[in-house]
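Down below is the structure, laid out as structure tokens.
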Amino acid sequence: MATIECTGTLQIRTSNEGSKSEGRYAILLTDEGSEYTLYRAGSMPMDDPYFDPYDGAKVTLTGEEEANSYLRVTSEPVINS
């Protein structure tokens, strides 16, 4: 896994409706056009309230990029003015 720093808009979305993995996911839409599903080590990528305060905000964060478009966040998101 590569460690990267990303800047983009964080959105909380409901995904996988009707399945056992239905839930609210934190998605980062980067300024470069990439989309990552965010999660933290030791927690599931769905229904993690940690990301709720950043919903709709433009943030910068660091994480470990995975091949399946998931990003394991390793720093606290910083809201950009």
Task: Backbone of Ile12 reached by a side-chain donor or acceptor of Asp55 within 3.5 Å - done: yes
Task: Tyr25 side chain to Asn16 side chain, donor-acceptor N/O pair below 3.5 angstrom - done: yes
TODO: Determine the minimum heavy-atom distance between Tyr50 and Tyr54, stating which atoms define it.
DONE: O-CE1, 3.7 Å
Task: For Ser69, side-chain contact (heavy atoms from CB on, under 4.5 Å) partners two or more places apart - done: none
Open item on the list: Checking Thr7 against Asn80: is there a side-chain donor and acceptor pair closer than 3.5 Å?
Closed with: no
Task: Tyr39 and Glu66: side chain donor to acceptor below 3.5 Å - done: yes
Task: Carboxylate-amine/guanidinium contact Glu76 Arg40, below 4.0 Å - done: no
Open item on the list: Under a 3.5 Å distance rule, please check whether Thr62 uses its side chain to pair with a backbone N or O of Thr74 as donor and acceptor.
Closed with: no
Task: Hydrophobic cluster membership, Ile79 vs Leu38, 4.5 Å side-chain cutoff - done: yes
Task: Common cluster, Tyr70/Met46, ILVMFWY with side-chain heavy-atom separation under 4.5 Å - done: no
- [ ] Indicate yes or no: at least one non-hydrogen side-chain atom of Leu28 is less than 4.5 angstrom from one of Glu35.
- [x] no
TODO: Treat each ILVMFWY residue as a node, draw an edge where side-chain heavy atoms are under 4.5 Å apart, and state whether Val59 and Phe51 are in one component.
DONE: yes
Open item on the list: What's the separation between atom OH in Tyr36 and atom CG in Asn68, rounded to the nearest 0.5 Å?
Closed with: 11.0 Å
Task: Worked verdict on Leu61 versus Leu71 for side-chain contact (heavy atoms from CB on, under 4.5 Å) - done: CA-CA 10 Å; Leu61 53 80; Leu71 188 70; 3.6 Å; yes
Task: Minimum-distance pair of heavy atoms, taken over all atoms of Thr37 and Pro45 - done: CG2-CB, 4.4 Å
Open item on the list: Once rounded to the nearest 0.5 Å, what's the spacing between atom CD of Glu22 and atom CD of Glu17?
Closed with: 5.5 Å
Task: Path from Leu10 to Ile27 over hydrophobic side-chain contacts below 4.5 Å - done: no
Open item on the list: Measuring from atom CD of Glu32 to atom CD1 of Ile4, what distance do you get when rounded to the nearest 0.5 angstrom?
Closed with: 9.0 Å
- [ ] Would you mind checking if Arg24 and Asp52 are paired as a salt bridge, meaning a charged N to carboxylate O distance below 4.0 Å?
- [x] yes
